[in-house]
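For clarity, every value in this text was computed on a predicted model and none was experimentally measured.
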Amino acid sequence: MAHEAVDRHAMGPLADRTALRWIARDGRIDEVSYDGLSRLSSRFAHVLGELGVERGETVSVLSGRTPELYVTVLGALKAGCVVSPLFSAFGPEPIRTRLAKGNTRVLVTTEELYRRKIEPIRDSLPGLRHVLLAGGTSSSPAALDLTRHMDAADDRFQIPPTKPEDPAILHFTSGTTGEPKGAIHVHGAILSHHVTGRLVLDLRPEDVFWCTADPGWVTGTSYGILAPLSIGVTSVVDEADFDPRRWYRILEEQRVTVWYTAPTAIRMLMRAGAGPRQGHDLSGLRFVASVGEPLDPEAVWWGAEALGRPIHDNWWQTETGGIMIANYRSMDIRPGSMGRPLPGIEAAIVRRDNGAVTVIEEEGKLGELALRPGWPSMFRGYLHDEARYRDCFSGGWYLTGDLARRDADDYFWFVGRTDDLIKTSGHFVGPFEVESVLVEHPAVAEAGAIGTPDPVAGEIVRAFVSLNRGWTGSPDLGLEILGFARRRLGAASSPKSVDFVESLPKNRAGKIMRRVLKARALGLAEGDLSTLEPEAARSYNP
């Protein structure tokens, strides 16, 4: 992975091209070339060797979006280690769970994060041999100074022979209950990252690319580090958190040509209104894409109006490791659709029946989205959970757990997770369909839909909405929203009640956590909350 992403460029005509353009919180900009990134990552590979870290052992990185994060991820890959990027906003307990489950030998973090989140749990991690602190001189006797060790290391490193199936990345994805799942990806996945970066994101070596995802999530690793570097583009990395004015300024000043972001960020920009983007020249944008959860049609067309480009949705999972279905630049967008499968990806709508899997040939029929296994970035297992991994496959298919439909032109349409589907009066209702209609009401900023028990209908649709600025929740507004949805969806599929909430529970990748909504509405156990945004993790009474 590291050779294909960095070293081959450093040995060729792209050696002096800017690989990373880092924007600090205070606006300071630092750049590192492909040659510079190769040398720095080689130094870290040597540091791991000096510490006695062996091939196949896990190196975890807990950091904000800083240059050291990218250097250490690539250096650990060079050394043949398994890299586990962790989201820096996690609390001590979710971090401890992931470090212990991944059998982490080396952790790279900052002194501030170490003091707040690692010191309280260090004694419970006997397998954690070394902690390296980035971004300044370490004052902790229990941790090592990364800068000092890097300065003493050689900046040339010979990557040892690496097989395509050698483990490379360990991504944790939260479970509905219990501990998070550790999805294992291999070095050969770089082929998927490279090809999808070219075919789906239309990346070219001369591009300036900005992926807003944090590398603590699979998107931030696959498309924030590996895919763009493998193509030779210049990647913008912003250390700061979301801010509409800052984001529009970055798009303009850095002349970003390809932008990859999340539906939550898009909805937040929509909610901020036209003010923050006024006066910004966004003509440099050639292509805008979104991932993380389905993008409602209104957001697609907002992009065309506000950004000068429609937003192209695509679909994939932590387990797939890379984009599988997409709205390409070369084809018409069907707003609300996931798009069409990539070349070489065989997708189908299937039905499970007593352990058997049957492909649903009829267009428009609801079923589970399935993929033929074998693409390079497919996960190779759940760490320490072989039975759970085997359960993902049946009848020659990888079963995604997502419900979808396929139209006559082979466009796929997301309906919901298998455990999100609402069955009311004998009808199946997909929550995304309901939510997409609700956000078309001018008062509604975001919406979540769940099914709640009903003695007559089995389940009824219950909606939760947060409001745009200038609107206040009231019984009259609730009735207006319900009537709006009923006219669009019909009596069978429309919500029967609406609750106003300040915000919806979302994980840090921006996905609405409907199972948390349902648990809170019914007073049930909420399961793993480690990946929720801080405000979403707090209880409320819907």
Side-chain angles (χ1 to χ4, degrees), residues 173 176 196 200 262-263 289-297 299-300 311-328 331-353 356-373 375 378-379 391-424 427-437 439 447-451 461 489 493 509-515:
T173 179
T176 303
T196 53
V200 178
S290 169
V291 75
E293 62 174 331
L295 191 66
D296 53 84
V300 174
I311 303 172
H312 298 247
D313 200 8
N314 54 72
W315 175 92
W316 57 295
Q317 300 177 318
T318 299
E319 286 84 353
T320 72
I323 300 167
M324 299 284 102
I325 300 174
N327 288 274
Y328 304 97
M331 70 188 197
D332 292 335
I333 296 176
R334 296 194 177 177
S337 167
M338 300 152 65
R340 300 175 70 177
L342 267 76
I345 299 299
E346 182 182 353
I349 304 298
V350 304
R351 178 175 55 249
R352 300 196 209 193
D353 187 14
V357 175
T358 304
V359 174
I360 300 173
E361 301 290 353
E362 299 95 329
E363 300 155 7
K365 291 289 186 179
L366 177 66
E368 185 173 359
L369 177 62
L371 306 173
R372 287 287 187 197
W375 64 94
M378 186 183 82
F379 74 132
D391 287 345
C392 295
F393 300 87
S394 182
W397 296 94
Y398 163 63
L399 303 171
T400 67
D402 283 351
L403 294 166
R405 296 186 177 94
R406 178 182 60 84
D407 68 20
D409 299 314
D410 283 333
Y411 282 74
F412 285 75
W413 301 77
F414 181 86
V415 175
R417 290 291 294 172
T418 53
D419 49 4
D420 287 339
L421 197 64
I422 304 163
K423 188 174 184 180
T424 177
H427 301 283
F428 285 106
V429 178
F432 176 62
E433 182 182 18
V434 177
E435 293 159 4
S436 294
V437 167
V439 297
I450 63 168
V461 181
L489 293 166
S493 300
K511 292 183 180 180
I512 294 173
M513 301 295 282
R514 299 184 186 93
R515 59 139 177 118

Participant: Does any part of the side chain of Tyr328, heavy atoms only, come nearer than 4.5 Å to the side chain of Val200, both counted from C-beta?
Facilitator: yes
Participant: Just to verify, what does Ser337 make a side chain to side chain donor-acceptor pair (under 3.5 Å) with, not counting sequence neighbours?
Facilitator: none
Participant: Parallel under 30°, tilted from 30 to 60°, perpendicular over 60°: which one fits the rings of Phe393 and Phe379?
Facilitator: parallel
Participant: Heavy atoms only: give me the nearest Leu399-Ala370 pair and the separation to one decimal.
Facilitator: CD2-CB, 4.0 Å
Participant: Flag the pair Leu369 / Phe414 as yes when at least one side-chain heavy-atom distance between them is below 4.5 Å, and no otherwise.
Facilitator: no
Participant: Taking side chain as C-beta onward, heavy atoms only, is Glu368 less than 4.5 Å from Val357?
Facilitator: no
Participant: Given side chains that start at C-beta, do those of Arg334 and Asp332 come closer than 4.5 Å, heavy atoms only?
Facilitator: no
Participant: Hey, could you give me the CE/CE distance between Met378 and Met324, rounded to the nearest 0.5 Å?
Facilitator: 10.0 Å
Participant: To check you understand the geometry: which heavy-atom pair defines the closest contact between Pro263 and Gly292, and what is its length?
Facilitator: CD-N, 4.3 Å
Participant: Does some side-chain heavy atom of Val415 sit less than 4.5 Å from a side-chain heavy atom of Arg405?
Facilitator: yes
Participant: How long is the straight-line distance from CH2 of Trp316 back to CH2 of Trp375, given to the nearest 0.5 Å?
Facilitator: 12.5 Å
Participant: If you measure from CD1 on Ile349 to CD on Glu363, what distance do you get to the nearest 0.5 Å?
Facilitator: 12.0 Å
Participant: What distance separates Ile325 CD1 from Asn314 CG, expressed to the nearest 0.5 Å?
Facilitator: 10.0 Å
Participant: Side-chain contact, heavy-atom cut-off 4.5 Å: Gln317 with Asp402?
Facilitator: yes
Participant: How many angstroms lie between atom CD1 of Ile333 and atom OH of Tyr411, to the nearest 0.5 angstrom?
Facilitator: 9.0 Å
Participant: Do Thr400 and Trp315 come within less than 4.5 Å of each other through their side chains, counting heavy atoms only?
Facilitator: yes
Participant: Test the Arg406-Trp413 pair against the cation-pi criterion, namely NZ or CZ under 6.0 angstrom from the six-membered ring centroid and within 45° of the ring axis.
Facilitator: no
Participant: Considering non-hydrogen atoms only, spot the tightest contact between Pro431 and Arg514 and give its length.
Facilitator: CB-NE, 3.5 Å
Participant: For a 4.5 angstrom cut-off between non-hydrogen side-chain atoms, does Leu371 reach Ile345?
Facilitator: yes
Participant: If you measure from CD1 on Ile450 to CZ on Arg515, what distance do you get to the nearest 0.5 Å?
Facilitator: 13.0 Å
Participant: Between Asp313 and Leu295 (side chain of the first, backbone of the second, donor and acceptor by atom type, cut-off under 3.5 Å), is there such a pair?
Facilitator: yes
Participant: Nearest heavy-atom pair of Val359 and Ala348: which atoms, and what distance?
Facilitator: CG1-CB, 4.2 Å
Participant: How close do Ala347 and Pro341 get, heavy atom to heavy atom, and via which atoms?
Facilitator: CB-CG, 3.9 Å
Participant: Restricting to non-hydrogen atoms, name the atom on Ala404 and the atom on Met338 that form the minimum distance, rounded to 0.1 Å.
Facilitator: CB-SD, 4.5 Å
